[in-house]
Undergrad: 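Below is a structure I'd like to ask you about.
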Amino acid sequence: MDKFKISTERFTLNRRGMLQGMTGLASAAFAATSIAAKPGGLDAATGSNIAATSKLPADIHVRKLPNGEGVLPLIGLGTFFTFDQIPGANRNHLKQVVKNYWDGGARVIDTSPLYGTAQHTVGSILSELNITDQAFISDKVWATGEFFADDSHAERSLEQSQARLWREKIDLMHCHSLTADISIIPLLNAWKREGRIRYIGASHNDNAYHPILGTWMQRGAVDFVQLNYSIFNRNAEKQLLPLALEKGIAVHVNMPLEKARLHKLVEGRAVPDFAKDFAPDNWSQFFLKWVIAHPAVSCAIPSTSNPVHALENISALKGPLPDQAMRQKMLAYMESIPGFSDLGKMPQYPGKNYAGVIARAQAKQRARGQV
């Protein structure tokens with residue numbers, strides 16, 4: 001357990017030492033950026049508990065799980081905001097979103113207790129589609145305890161997730177936004193030893209916390225990290241993605257579409273001709289393939305509540321991926337579009353309205369002058 005005794009005094013990663021030799025590794029990885037799934041499904045000999053039952057479409061892009069324990073497709077489903085519904089609201093469109101993702105090859109479904117009613121929605125839909133045990137559930141715990149070293153809140157959070165998702169064993173459990181990480185990540189390690197979770201993760205969606213994610217990665221304390229990365233926000237390339245390659249840590253990417261802002265920026269534009277070989281149909285392919293082509297990325301998890309957009313997102317699992325030279329060309333094209341450099345100033349989810357319990361609580365806070 002010594003490697004989990006993390007000082008509250010954070011250290012800064014030595015970028016020069018970390019990146020030494022990584023250029024050759026990244027070049028080699030780009031040359032063989034993914035492996036194709038076998039027709040009919042995964043090889044049961046991989047050791048993955050989803051291998052025997054989760055049939056994958058042929059010719060989709062997959063990457064190996066940590067320690068070679070099977071493979072997972074490079075596109076999964078996020079549920080922040082989009083799967084949060086007022087209790088009793090119609091969820092048929094979300095069931096179709098899940099089905100479209102699943103039929104297209106997605107197996108990772110990412111959720112959290114903080115996402116309003118998303119866990120309830122996910123658990124219900126997976127049960128209705130009879131794929132509860134086949135999905136790779138990525139969940140999170142956000143807990144502090146009543147006092148230092150009190151893990152009762154985290155234990156209740158796990159039990160609550162198990163009940164809502166109807167899963168005794170969670171595939172991947174993240175320390176959500178690094179909340180109480182010094183206590184929670186060692187606890188996740190205990191849960192893994194006890195067989196309650198398969199993998200340990202740490203997540204954040206803010207560049208400012210990348211050094212802390214790097215701390216845990218450097219110490220070998222996590223199997224996965226979830227981080228923000230997109231053609232607009234490339235900060236993860238400086239330290240975390242090279243470190244993930246070096247350490248064999250899987251990377252799940254949140255905000256690959258910048259919460260709909262990338263699509264808003266290119267609204268009314270056609271995908272450029274030079275990209276038609278790998279993104280012939282829609283901008284989702286363009287943006288998502290740019291992300292998943294990076295050799296360190298294990299899965300991008302775009303979220304949507306629109307079944308048509310789900311089809312567009314999952315289409316990025318098939319067809320050629322851009323190489324490094326093409327990714328640079330794609331970036332240069334986006335940088336030529338007016339407003340790209342100021343994308344971060346654009347309101348999130350432009351033109352969208354998610355009427356869930358989170359939005360209701362936020363409206364109440366605004367009315368009371370809390371925000």
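For the single chain, residues carry numbers from 1 onward in sequence order. Being a predicted model, the structure only gives us computed values, none of them experimental. All heavy atoms count here, side chains included; hydrogens, waters and symmetry mates do not.
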Undergrad: Apply side chain to side chain contact (heavy atoms under 4.5 Å, CB included) to residues Lys169 and Ile197 and explain how you reach the verdict.
TA: CA-CA 5 Å; Lys169 188 171 187 176; Ile197 63 175; 5.7 Å; no
Undergrad: Could you tell me whether Arg167 and Asp139 make a salt bridge, using a distance below 4.0 angstrom between a side-chain N and a carboxylate O?
TA: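 A salt bridge is absent here (no side-chain N lies under 4.0 Å from a carboxylate O).
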Undergrad: Donor-acceptor pair, Asp84 side chain versus Val357 backbone, under 3.5 Å?
TA: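 Such a contact is found between Asp84 side chain and Val357 backbone.
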Undergrad: Please work out whether the ring planes of Tyr333 and Trp283 are parallel, tilted or perpendicular, with thresholds of 30° and 60°.
TA: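 Aromatic pair Tyr333/Trp283 classed parallel.
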Undergrad: Whether the side chain of Thr215 engages the backbone of Pro211 through a donor-acceptor N/O pair (distance < 3.5 Å, no angle test) should be reported.
TA: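 It does hold such a pair.
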Undergrad: Tell me the closest heavy-atom pair linking Asp171 and Ile137, and the distance in Å.
TA: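 Distance-wise, the nearest heavy atoms are OD2-N, 2.8 Å.
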Undergrad: Are Val98 and Val308 connected in a single hydrophobic cluster, I mean Ile/Leu/Val/Met/Phe/Trp/Tyr linked by side-chain heavy atoms less than 4.5 Å apart?
TA: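 Each belongs to a different hydrophobic cluster.
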Undergrad: Could you tell me whether Lys192 and Asp223 have a side-chain N and a carboxylate O separated by less than 4.0 Å?
TA: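 Result for this pair is yes, salt bridge flagged.
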Undergrad: Please report the C-alpha distance between Arg107 and Trp102 in whole Å, then the side-chain angles of each, then the deciding distance to 0.1 Å, and finally whether the side chain to side chain contact (heavy atoms under 4.5 Å, CB included) criterion is met.
TA: CA-CA 6 Å; Arg107 293 299 180 264; Trp102 190 267; 3.2 Å; yes
Undergrad: Which pair of non-hydrogen atoms, one from Gly104 and one from Leu317, has the smallest distance, and what is that distance?
TA: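 So the minimum-distance heavy-atom pair works out to O-CD1, 3.6 Å.
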Undergrad: Side-chain contact, heavy-atom cut-off 4.5 Å: Ser138 with Gln226?
TA: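 Sidechains of Gln226 and Ser138: in contact.
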Undergrad: Does the side chain of Asp206 come under 3.5 Å of the side chain of Asn228 through a donor N or O and an acceptor N or O?
TA: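 No, no side-chain donor-acceptor pair sits under 3.5 Å.
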Undergrad: Can you see which heavy atom on Cys299 is nearest to which on Ile75, and at what distance?
TA: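 Looking at all heavy atoms of both residues, the shortest contact is SG-C, 3.6 Å.
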Undergrad: For the residue pair Ser315 / Gln285, report whether a side-chain donor-acceptor contact shorter than 3.5 Å exists.
TA: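 Per modelled atom types, Gln285 and Ser315 side chains form a pair under 3.5 Å.
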Undergrad: I need the full list of side chain to side chain donor-acceptor pair (under 3.5 Å) pairs touching residues 150-159, with sequence neighbours left out, sorted by first then second residue.
TA: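 Of all non-adjacent pairs touching residues 150-159, those that pass side chain to side chain donor-acceptor pair (under 3.5 Å) are Glu146-His153, Asp150-Ser152, His153-Arg156, Glu155-Trp191, Glu155-Arg196.
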Undergrad: Pairing donors with acceptors under 3.5 angstrom, does anything connect the side chains of Gln324 and Arg327?
TA: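 Looking only at side-chain atoms, Arg327 and Gln324 do form a donor-acceptor pair, the distance falling under 3.5 Å.
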Undergrad: Looking only at side-chain N and O atoms, does Asn92 offer a donor or acceptor that is under 3.5 Å from a partner on Gln96?
TA: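 On atom types as modelled, these side chains do not qualify, holding no pair under 3.5 Å.
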Undergrad: Side chains of Glu258 and Phe287: does their closest heavy-atom pair fall under 4.5 Å?
TA: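 No - every pair of side-chain heavy atoms lies 4.5 Å or more apart.
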Undergrad: Assess, by modelled atom type and distance only, whether the side chains of Arg91 and Thr121 contain a donor and an acceptor separated by less than 3.5 Å.
TA: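 Note: Arg91 and Thr121 side chains meet the donor-acceptor criterion.
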Undergrad: What about Leu188 and Tyr209, same hydrophobic cluster or not, with Ile/Leu/Val/Met/Phe/Trp/Tyr joined at side-chain heavy-atom distances under 4.5 Å?
TA: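 As far as the 4.5 Å side-chain criterion goes, Tyr209 and Leu188 are connected within one cluster.
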Undergrad: Could you tell me if Asn235 and His210 have a donor-acceptor pair between their side chains, going purely by distance under 3.5 Å?
TA: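 Yes, because at least one side-chain N or O of His210 sits under 3.5 Å from a partner of the opposite role on Asn235.
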Undergrad: Answer whether the closest heavy-atom distance between the side chains of Lys264 and Met346 falls below 4.5 Å.
TA: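 In contact.
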Undergrad: Do Phe286 and Trp290 have ring centroids that are under 6.0 Å from one another?
TA: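 They do not qualify: ring centres at least 6.0 Å apart.
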Undergrad: State the OG1-CG distance between Thr79 and Leu77, to the nearest 0.5 angstrom.
TA: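 Here the rounded value is 6.5 Å.
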Undergrad: How are the rings of Phe81 and Tyr354 set to each other: parallel, tilted or perpendicular (split at 30° and 60°)?
TA: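 Judged by the thresholds at 30° and 60°, the geometry between Phe81 and Tyr354 is parallel.
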Undergrad: Step by step, work out the side chain to side chain contact (heavy atoms under 4.5 Å, CB included) result for Leu227 and Asn205.
TA: CA-CA 5 Å; Leu227 51 82; Asn205 63 350; over 6 Å; no
Undergrad: Could you measure the distance from the CG atom of Leu213 to the OG atom of Ser203? Nearest 0.5 Å is fine.
TA: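 It comes to 7.5 Å.
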Undergrad: Does the side chain to side chain contact (heavy atoms under 4.5 Å, CB included) test come out yes or no for Thr82 and Val97, once each step is laid out?
TA: CA-CA 10 Å; Thr82 54; Val97 165; over 6 Å; no
Undergrad: For the residue pair Met326 and Phe278, establish whether any side-chain heavy-atom pair is separated by less than 4.5 Å.
TA: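 The answer is yes, as the side chains (C-beta and beyond) meet within the 4.5 Å cut-off.
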Undergrad: Find the distance between CG (Asp110) and CG (Asn254) and round it off to the nearest 0.5 Å.
TA: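 Asp110 CG to Asn254 CG: 8.0 Å, rounded to 0.5 Å.
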Undergrad: Locate the shortest heavy-atom distance separating Ala202 from Ile185; write the atom from each residue and the value.
TA: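 So the two residues come closest at CB-CD1, 4.2 Å.
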Undergrad: How close do Asn313 and Ser284 get, heavy atom to heavy atom, and via which atoms?
TA: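 So the two residues come closest at OD1-OG, 3.0 Å.
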Undergrad: Considering all heavy atoms of both residues, which atom of Ala143 and which atom of Ala180 are nearest to each other, and what is their separation?
TA: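 In this case the closest contact between Ala143 and Ala180 is O-CB, 3.4 Å.
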Undergrad: Under 3.5 Å, is there a donor-acceptor pair between the side chain of Gln162 and the main chain of Glu168?
TA: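 Yes, the answer is positive, given that a donor and an acceptor are paired below the 3.5 Å cut-off.
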Undergrad: Please round to the nearest 0.5 Å and tell me the distance separating atom CG of Asn189 and atom CD of Glu194.
TA: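 Answer rounded to 0.5 Å: 9.5 Å.
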Undergrad: Please round to the nearest 0.5 Å and tell me the distance separating atom CG of Asp103 and atom OH of Tyr101.
TA: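 Asp103 atom CG to Tyr101 atom OH measures 13.0 Å (nearest 0.5 Å).
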Undergrad: Mind checking whether Ile170 and Arg198 have side chains closer than 4.5 Å, heavy atoms only?
TA: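 A side-chain contact is absent here, since even the closest heavy-atom pair is not under 4.5 Å.
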Undergrad: Would you check if Met173 and Ile200 make a side-chain contact, meaning some heavy-atom pair closer than 4.5 Å?
TA: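 Sidechains of Ile200 and Met173: no contact.
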